[in-house]
Amino acid sequence: MSISPASSFNRLDQAFAEFLAQRSGLEPAQIPLFTNLVARLSFEQSQGHSCIFLEPQQQALVLASGLALQLEISQALEIREISPLVLQNQCLYSHRYWFYETRLATQLKQLLKRDYQIHNLEAALDNHFKAAENNETDWQREAAKLALAHAFAIVTGGPGTGKTTTVVKILALLQELAEQPLHIALAAPTGKAAMRLQESIGASIKGLSSTEEIKRQIPDEVKTLHRLLGARPPSPYFHHDADKPLPYDVVVIDEVSMVDLALMSKLVDALKVGARLILLGDKDQLASVESGAVLADLTSSLKKHTVELQKSHRFQGEIKDLAVAVNQQDGKTAWDLLATGGDKISLLQDDLIVYIAGKQLPYLTLIKQGADFKQVFAVFNEFQVLCSNRQGVNGISDINHRVEKQLHLSGHWYSGRPVMMTENNAAMQLYNGDIGICMPDKDQQNRLMVFFLRPDGSVKKVLPTRLPPHETVFAMTIHKSQGSEFNEVLIALPDKMNPVLTKELIYTAITRAKQTVKIVAAAEVFASAVKQKIQRYGGLAAKLQDL
């Protein structure tokens, strides 16, 4: 990594660097370079990296500051001396991210040691998995074998490959083989992802070839990770940790690509002794917003504990072809598919704002007709605009404002305003990414309230004036769409290339669609985005390989 220009750093980066520089033992002439290195570390962490690589001279400078410990990659966590910086394997960390990374690798080492010998395993599997045709490998069956034989398993695969169906069969098998009923927890990073998983779990349980008693032993409630661990806002700590572990025998986490390094470290730390951990996710999706690329690091480093489901059962045709082309960074094929156009994928030919506004009329009409919130919410969720950026041309701020103007919706609060939470608020049980709709409440003489659909199917109502930080959501960022599905997705890209645009971003947006994908983009911007791949710099993969 080259040294980032000072213009890249924000005030927090600079303040942190200057704070440490003032407390270093360096000569005045060495201070500027040290300050730049620490500011770069802070900046790169905000961009998703957990550490930065240093040249030998830079390493010597950091060690001379007296503010860094130099540790071997195999060195244990139990060190007596604490410092704000850690130098390990030629990489510079803040102590916090080094701790999360090392703690996670150390805890996973304990999980990886535990294997299980299961008698009559093939016979048990035969009850849930049909014989494969033409001697093809049944990857769902292989995933079940893995999860039954080991305390830690990763099941990855693209949309429609049956991750949820597979894990439900795994849970049924675990219950059937257990001497007494197991206590199982299901969780996902966001409320939307939890709600979607809960729906899928419920449908999959009905199709099991198990007894009704076994079906009842599989939970159908899915919690957010923050709720599972017991968030304690405004602190970064949770109720459950190594000293107060979770009470579950099996923990299943979906949409793991969204889970950052810190949260995954805290989750694994909170597992009780003897617990199993099963992770589900699409390794090709966007990495977490915060630091780390946990799922990618785990799947690349722990291949013996990973099974990738390869056969898509519902994600077929044009949308799949487009997603595959983007994922393989074949921009020409992807653009040709869009330009040719079809029933499922195409470039948008209509005026962007007029088209989006027209798509909002069905749910707005239902509100005027006095329809039930669940019906309104279902219709609203059939279509969604996904943007790469918040600001600028075709950013969410631009589109939300123009759509409101096109629909003649004025004022801050109006009937039909869709909103998305932008922060977690455990006290109100509202979480970052939750979507609500402002509409008249029949039970309160048509007073405007904001309605939310909870993961358990219940409806929560909040006064607009009491709502925690939020934003209008006629359009949302692609990052915020993770864990969601919509019948139709309209992807709006900016008029110029920028660092946010990557093949993972486009792939994630495309795979949110169940029926139709439309894209607004210039050919050169689309091609450049598909060529660009996310590169997260960190040491987790190296630590896992070392283990």
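A salt bridge does not link E485 with R512: every distance from a Lys NZ or Arg NE/NH1/NH2 to an Asp or Glu carboxylate oxygen is 4.0 Å or more.
Ring geometry for F53 against Y537 counts as perpendicular: the plane angle is over 60°, on a 0 to 90° scale with 30° as the lower cut. Classification of the F383-Y355 ring pair by plane angle, with boundaries at 30° and 60°, yields perpendicular. Classified by interplanar angle (parallel below 30°, tilted 30° to 60°, perpendicular above 60°), the ring pair F380/Y363 is perpendicular.
For the pair R417 and W413, the cation sits on the ring face: its NZ or CZ lies under 6.0 Å from the ring centre, inside 45° of the axis.
Looking at Q329, its side chain never comes within 3.5 Å of a backbone N or O of K503 through a donor-acceptor pair. Side chain of S300 to main chain of D297: a donor-acceptor pair is present (N/O by atom type, distance under 3.5 Å, no hydrogens or angles). At distances below 3.5 Å, not a single donor-acceptor pair connects side-chain atoms of T102 with backbone N or O atoms of F99. Using modelled atom types, no side-chain atom of S265 and backbone atom of L261 make a donor-acceptor pair closer than 3.5 Å. Between the T502 side chain and the L505 main chain, a donor and an acceptor come within less than 3.5 Å of each other. A side-chain donor-acceptor contact under 3.5 Å links T422 to the backbone of P469.
Proximity of V462 to M428: side-chain heavy atoms (C-beta onward) are separated by under 4.5 Å at one or more points. Contact check for L263 versus F238: side-chain heavy atoms found under the 4.5 Å cut-off. You'll find the side chain of S257 reaches within 4.5 Å of the side chain of L295, heavy atoms only. Within the 4.5 Å cutoff, the side chain of L493 has heavy atoms near those of the L501 side chain. A heavy-atom distance below 4.5 Å is found between the side chains of L430 and L467. For the pair V256/K283, no side-chain contact is recorded, criterion being any heavy-atom separation below 4.5 Å from C-beta on. Between I399 and C387 the shortest side-chain heavy-atom distance falls below 4.5 Å. Contact annotation: the side chain of L92 never approaches that of C51 to less than 4.5 Å [non-hydrogen atoms, C-beta and beyond].
Donor-acceptor pairing under 3.5 Å is lacking for the side chains of Y431 and E423. Residues N498 and N389 have side chains that bring a donor and an acceptor to within less than 3.5 angstrom of each other. No hydrogens or angles considered: a donor-acceptor pair under 3.5 Å links the side chains of D13 and S42. Looking at Q45 and S94, their side chains do bring a donor and an acceptor atom within 3.5 Å of each other.
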Go through K514 and E488 one step at a time and tell me if the salt bridge (charged side-chain N to carboxylate O under 4.0 Å, His left out) criterion holds. CA-CA 7 Å; K514 291 191 286 186; E488 179 181 343; over 6 Å; no

Run the side-chain contact (heavy atoms from CB on, under 4.5 Å) check on L348 and I519 step by step: do they pass? CA-CA 6 Å; L348 182 68; I519 294 182; over 6 Å; no

Should Q406 and V354 be marked as a side-chain contact (heavy atoms from CB on, under 4.5 Å) after you check the CA-CA gap, both sets of side-chain angles, and the distance that decides it? CA-CA 7 Å; Q406 179 71 25; V354 172; 4.1 Å; yes

Checking M420 against D434 for the side-chain contact (heavy atoms from CB on, under 4.5 Å) test, could you report, in this order, the C-alpha distance in whole Å, the side-chain angles of both residues, the deciding distance, and whether it holds? CA-CA 6 Å; M420 175 184 281; D434 286 355; over 6 Å; no

What verdict does the side-chain contact (heavy atoms from CB on, under 4.5 Å) test give for E101 and Y93, after you've listed the backbone C-alpha separation in whole Å, the side-chain angles of each residue and the deciding distance to 0.1 Å? CA-CA 10 Å; E101 195 175 271; Y93 293 82; 2.5 Å; yes

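Residues passing the salt bridge (charged side-chain N to carboxylate O under 4.0 Å, His left out) test with K223, sequence neighbours excluded: none.
Between the OG1 atom in T508 and the CG atom in L386 there is a gap of 10.0 Å [rounded to 0.5 Å]. From D241, atom CG reaches atom CG of D269 across 7.0 Å, with rounding to the nearest 0.5 Å.
Here the closest non-hydrogen pair linking V222 and A194 is CB-O, 3.5 Å. The two residues D260 and S291 make their nearest non-hydrogen contact at CB-O, 3.5 Å. Heavy atoms only, all atoms of each residue included: G416 and L364 are closest at CA-CD2, 3.8 Å. P464 and L448 get closest at one heavy-atom pair: CD-O, 3.3 Å. In this structure, G538 and S50 approach most closely via the heavy-atom pair CA-OG, 3.2 Å.
For F373 and F377, the distance between ring centers is under 6.0 angstrom.
D441 pairs with exactly one of R447, K461, K460 by the salt bridge (charged side-chain N to carboxylate O under 4.0 Å, His left out) rule, that one being K461.
For residues 363-385, there are no salt bridge (charged side-chain N to carboxylate O under 4.0 Å, His left out) pairs, not counting sequence neighbours.
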